[in-house]
Amino acid sequence: MRLDRSFFERDAVAVAKDLLGCFFVQNLKSNQIVGRIVETEAYGDATDLASHARFGPTPRSQIMFGPAGVLYVYKIYGIFSLANIVCGKTGEASAALIRAAEIVAGEVIARRNLAQSKFVKLNEQPATGPGKFSLALGIDTGHNGTDLAASPHLYLTRSPAGTEFKIATTTRIGVDYAKDSKDLPWRFYIKDSPFVSKR
DNA sequence: ACATGGATTCGCT
DNA sequence: GCGAATCCATGTT
């Protein structure tokens with residue numbers, strides 16, 4: 001059931017697509033929060049001008065060059081933590097960004113987490129965006145480097161057999177600065193899901 | 001040492 | 001459609 005390292009040790013585009021429908025689990029002391037992933041994006045190596053790896057292995061991005069299945073969390077706008085999973089073989093820089101999920105367990109805790117931030121509005125769809133997803137699941141920069149293939153607290157499980165959905169593909173959100181790379185069709189979401197960040 | 005700007009979200013115009 | 005919130009990684013001097 002649990003996604004192992006070989007799942008992540010592939011091309012980030014394939015991983016991002018295959019993550020749709022999978023469950024992201026955060027085990028707490030006596031509870032757990034689970035999100036069904038409905039939206040992802042892929043980020044590549046130095047040739048992807050939207051990727052943090054575009055400057056090579058800097059202190060922040062070097063984790064993207066490391067082993068697959070490791071969580072890469074970084075702070076954006078000084079406000080939100082965005083959750084990525086390192087993809088590809090060691091030495092190859094890439095990652096999949098989790099952009100949105102449907103909270104299927106631990107919603108009370110997820111909402112409590114969201115209420116901590118004065119920059120999110122509480123509504124009926126709590127994890128509809130990458131900043132809100134991380135908040136809801138209780139993921140912050142302290143989780144950077146966590147091995148999702150080994151951690152007892154954070155891991156993913158496979159999309160249940162028989163789950164049917166269509167995948168929509170678009171360009172990535174918020175990367176207009178990325179010149180030629182901004183038009184890469186590397187955003188994926190479950191078609192008709194009410195939990196995606198945008199249509 | 002300094003300047004720049006962002007893989008976001010929300011509220012106001 | 002636009003700007004603010006808020007911090008730190010990165011490039012430049």
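Worth saying up front: this structure is predicted, and the values here are computed from it rather than measured. Proteins get letters first, then strands, A, B, ... in listed order; numbering begins at 1 in each. All values below come from the heavy atoms of this structure, side chains included, with hydrogens, waters and symmetry mates left out.
- In the set C:dA9, B:dA7, C:dT6, the nucleotide with an atom closest to the side chain of A:Val175 is B:dA7.
- Across all strands, A:Phe80 comes closer than 4.0 Å to base atoms (heavy-atom distances).
- No side-chain heavy atom of A:His143 sits less than 4.5 Å from a side-chain heavy atom of A:Leu137.
- Nucleotides C:dA5 and B:dT13 place their P atoms 15 Å apart, quoted to the nearest Å.
- Seen from the ring of A:Tyr43, A:Arg172 counts as a face-on cation partner, given the 6.0 Å and 45° thresholds.
- Between A:Arg99 and B:dT8 there is a side-chain polar atom (N or O) within less than 4.0 angstrom of OP1 or OP2.
- Searching all strands for a Watson-Crick or G-U wobble partner of B:dA1 with both distances below 3.5 Å returns C:dT12.
- Between the OH atom of A:Tyr74 and the P atom of B:dG6 there is a distance of 12 Å, rounded to whole Å.
- Look at A:Thr58 and you won't find any side-chain N or O under 4.0 angstrom from OP1 or OP2 of C:dA9.
- The shortest distance between the side-chain N/O atoms of A:His52 and the OP1/OP2 oxygens of C:dA9 is not below 4.0 Å.
- Between A:Arg54 atom CZ and C:dG11 atom C1' there is a gap of 11 Å when expressed in whole angstrom units.
- Figure legend. C:dT6 is base-paired to no nucleotide; pairs are counted as Watson-Crick or G-U wobble with both atom distances under 3.5 Å.
- For the pair A:Arg5 and A:Phe8, the cation-pi test (distance below 6.0 Å, angle within 45°) is failed.
- Atom pair A:Leu19:CG and B:dA7:P shows a separation of 20 Å (rounding to whole Å applied).
- Rounded to whole angstrom, the span from the CG atom of A:Leu184 across to the P atom of B:dA7 amounts to 15 Å.
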For A:Phe24 and A:Phe133, run side chain to side chain contact (heavy atoms under 4.5 Å, CB included): C-alpha distance rounded to whole Å, both residues' side-chain angles, the deciding distance at 0.1 Å, then the answer.
CA-CA 10 Å; A:Phe24 203 120; A:Phe133 168 81; 3.8 Å; yes
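- OP1 and OP2 of B:dG6 both lie 4.0 Å or more from every side-chain N or O belonging to A:Lys75.
- Annotation: of the two residues near DNA chain B, A:Val120 and A:Met64, the 5′-most nearest-nucleotide partner is A:Met64.
- Atom C1' of B:dG5 sits at a distance of 15 Å from the matching atom of C:dG3, rounded to the whole Å.
- In the set B:dG6, B:dC10, B:dT8, B:dT8 carries the atom at the smallest distance from any side-chain atom of A:Ile173.
- The distance between atom CZ of A:Arg60 and atom P of B:dA7, rounded to the nearest whole Å, is 7 Å.
- Regarding contacts with the backbone of B:dC10, a side-chain N or O of A:Lys132 is found under 4.0 angstrom from either OP1 or OP2.
- To the nearest angstrom, P of B:dG6 lies 16 Å from CG of A:Leu97.
- Going from atom CZ of A:Phe133 over to atom P of B:dA7 covers 18 Å, rounded to whole Å.
- Annotation: the span from A:Leu114 atom CG to A:Ile103 atom CD1 amounts to 7.5 Å, rounded to 0.5 Å.
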